[in-house]
*Asks:* 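Quick one: the structure is below, and I'll ask about it shortly.
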Number of protein chains: 2
Amino acid sequence: MNLNIPDTRQHVLAQRLDDGLQIVAIEVAEEFDVSVDTIRRDILALEAAGKAHRVRGGAMPVTCPTSPLHVRLAAGGTIKPALVQATIEQIGAASTLLLDGGATTLALIDKLPRLDRRLVITPSPWIAIACQERDIDTFMLGGRLSAPGGMAVGDVAVGKTMGVAADIAVLGACGIEAEFGLSSDDFAEAQMKQAMHAAARRTIVVTDGAKLGRRARHHTLGLQQIDLIITDAEQNLTDPIARAGTNVVTVWSHN
Amino acid sequence: MNLNIPDTRQHVLAQRLDDGLQIVAIEVAEEFDVSVDTIRRDILALEAAGKAHRVRGGAMPVTCPTSPLHVRLAAGGTIKPALVQATIEQIGAASTLLLDGGATTLALIDKLPRLDRRLVITPSPWIAIACQERDIDTFMLGGRLSAPGGMAVGDVAVGKTMGVAADIAVLGACGIEAEFGLSSDDFAEAQMKQAMHAAARRTIVVTDGAKLGRRARHHTLGLQQIDLIITDAEQNLTDPIARAGTNVVTVWSHN
DNA sequence: CAACATTATGCAGGGTTTTGCATGAATCTG
DNA sequence: CAGATTCATGCAAAACCCTGCATAATGTTG
């Protein structure tokens, strides 16, 4: 016979809530062989601890977790799902991915199918944590943390990247334009992107339409070095790039 | 029938706890044919030794430390502010800090005074992000990401750690005990802690009282390698360590 | 062996936590 | 609006914990 005390019951209930399950007081009362009042008190305690959202008849998972990552991910909600979806399709079953930092690539992780032998290599602590939460094997590149992009940069990181061989590098962009190619605001991040390109067989740039036609401070990659650009820009913006010979996948927001 | 003395009973009970079983005082009392009071005293002893988590009606295994870091953080475990404060004081104005991963060290960042030439070196993406948000210069050690600890581990990470020189290494603990020293549940994490100790002039271990008297799977550092232990444990737990010659700072929760 | 110290155990009391129930208010449903 | 369900509150019983004390078992010393 198990211990049937508030602590254990509440622990079990909290776990269920974390898994996204609802709690029906009457059912749980029967399950634990206690009165509904007792379960009600348990739920009351869980609510006081911020672990449950009390509703009539039981409890629901609390909607907003406090983890800093989720805050950021929530902020990344502005990333177009279609952009993410198109990128996932392009990635396919590639087993070794090099993922750039940035809100766009971060949004990818949530939807990335979990393959058995898939490895994500990234200079971004954000991506690293997101991968962990999804139980994806991760290799984190080290180096000095660059404030603008929130990713590890510097010679150290670049040199180490050279030692790996990835199937696909997925890069974000600060700017991309027909003549100037892919450009970045931070020099160190530009270096990092170059290294990631060099270490991968295939380079994909995914970016929202606002970056097209823009030139950021530091030239990073020429268009001919980019295998594919995925964007949601208007056709008049993508045309000059497509004419330069680079493949472009354009997604349309539902309208 | 075996001897029915405290030693043997407690040994049996400890084993059951190690197997993840709960202990119900009344049942065990019947089983050993002693009064409930005696079993209560046994559990009391086990708790003092850090081998049991005493609850109403019996005892439970000490909190299973194998759940990944992001789960533990989401569970809302709280770090004692006094513990953080004491550690901050010990760190003082040290300019290069080597910070272990873990919930305790993560809580440090929030309160860490921002010095001009301070640099935080860490294998933990969590810490890296927290530092970045507080505008603290950060160097991230790269490597394979370990799920349980939420930090970079492995040959690459150890190698990079060897290449740095820090003033103070602040380590967390899975277990710390007078004879066995500092121990970890994960071998790769144990390696990282050893490397961090080697790379710093001074090694501080900060841990809550629950870890004292506990032996985790892998021996990591001997007590003599640790310059200071900061904890909130009861004196009967810290005494054996202090007698072994290691400095111990004990903080008191409001009581 | 005797006397003493130490440890282990059971028991009684008083206090705290937990639980189930009763009552009336609040909320949902048709 | 009537009926049913659920909730809040207070209360008393039960279970459990803590403390101190007496007793028995065991070990130690002279």
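We name chains A, B, ... by the order of the sequence lines, and we start the count at 1 in each one.
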*Asks:* For a quick check of understanding: with a heavy-atom distance under 4.0 Å over all strands, which category does V24(A) fall into, base, sugar-phosphate or nothing?
*Replies:* nothing
*Asks:* Rounded to the nearest 0.5 Å, what separates atom CG in L141(B) from atom OG1 in T161(B)?
*Replies:* 4.5 Å
*Asks:* Compare every heavy atom of G101(B) with every heavy atom of M151(B), then report the nearest pair and how far apart it is.
*Replies:*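 Reported closest heavy-atom pair: SD-N, 4.0 Å.
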*Asks:* Just checking I26(A): base, sugar-phosphate only, or nothing, at a heavy-atom cut-off of under 4.0 Å?
*Replies:*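 Touches sugar-phosphate only.
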*Asks:* dT17(C) C1' sits how many Å from D7(A) CG, rounded?
*Replies:* 12 Å
*Asks:* Hey, is the side chain of R41(A) poking within less than 4.0 Å of OP1 or OP2 on dT19(C), counting only N and O atoms?
*Replies:*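 Negative; the distance criterion is not met.
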*Asks:* Any side-chain N or O of T38(B) under 4.0 Å from OP1/OP2 of dG10(C)?
*Replies:* yes
*Asks:* For Q132(A) and L145(B), indicate whether the former's side chain and the latter's backbone hold a donor-acceptor pair under 3.5 Å.
*Replies:* no
*Asks:* If an axis is fit to five pairs at each end of the helix from dC1(C)-dG30(D) to dG30(C)-dC1(D), what is the angle between the two, to the nearest 10°?
*Replies:* 30°
*Asks:* Between P on dT9(C) and CG on D33(B), what's the gap in Å once rounded to a whole number?
*Replies:*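 D33(B) atom CG is separated from dT9(C) atom P by 12 Å.
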*Asks:* Taking the side chain as C-beta and beyond, is there a heavy-atom pair between P123(B) and V153(B) under 4.5 Å?
*Replies:*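 A side-chain contact under 4.5 Å is absent here.
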*Asks:* State the CG-OG1 distance between D100(B) and T122(B), to the nearest 0.5 angstrom.
*Replies:*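 Taking CG in D100(B) and OG1 in T122(B), the distance rounds to 7.5 Å.
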*Asks:* Expressed as a whole number of angstroms, how long is the span from I43(B):CD1 to dC17(D):P?
*Replies:* 8 Å
*Asks:* Using whole Å, what does the distance between atom P of nucleotide dC11(C) and atom CZ of R40(B) come to?
*Replies:*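 Taking atom P of dC11(C) as the reference, CZ of R40(B) is at 13 Å.
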*Asks:* So if I take every side-chain heavy atom of R54(B) and compare against dG20(D), dC21(C), dC17(D), which nucleotide ends up nearest?
*Replies:*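 Output: dC17(D).
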*Asks:* Identify the residue among I127(B), I121(B), T138(B) that makes a side chain to side chain contact (heavy atoms under 4.5 Å, CB included) with L99(B).
*Replies:* I127(B)
*Asks:* Report which part of the nucleic acid V34(B) touches: base, sugar-phosphate, or nothing (heavy-atom distance under 4.0 Å, all strands).
*Replies:*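 It contacts sugar-phosphate atoms only.
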*Asks:* Check the distance between dG20(C)'s P and E30(A)'s CD and give it to me in whole angstrom.
*Replies:*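 Atom CD in E30(A) sits about 13 Å away from atom P in dG20(C).
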*Asks:* I want to confirm an ordering. Mapping D37(B) and R56(B) to their closest nucleotides on DNA chain D, which one lands closer to the 5' end?
*Replies:* R56(B)
*Asks:* Rounded to whole angstroms, how far apart are CD on E27(A) and P on dT6(D)?
*Replies:*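 From E27(A) CD to dT6(D) P: 11 Å.
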*Asks:* One thing to verify: whether R16(A) and E27(A) come together as a salt bridge, which I'm taking to mean a side-chain N less than 4.0 angstrom from a carboxylate O.
*Replies:* no
*Asks:* Take atom CG of D42(B) and atom C1' of dC17(D), then tell me their distance rounded to the nearest Å.
*Replies:*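 Nearest whole value for this atom pair: 16 Å.
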*Asks:* Rounded to whole angstroms, how far apart are CD1 on I23(A) and P on dT6(D)?
*Replies:* 16 Å
*Asks:* Are R9(B) and dT9(C) close enough that a side-chain N or O sits under 4.0 Å from OP1 or OP2?
*Replies:* yes
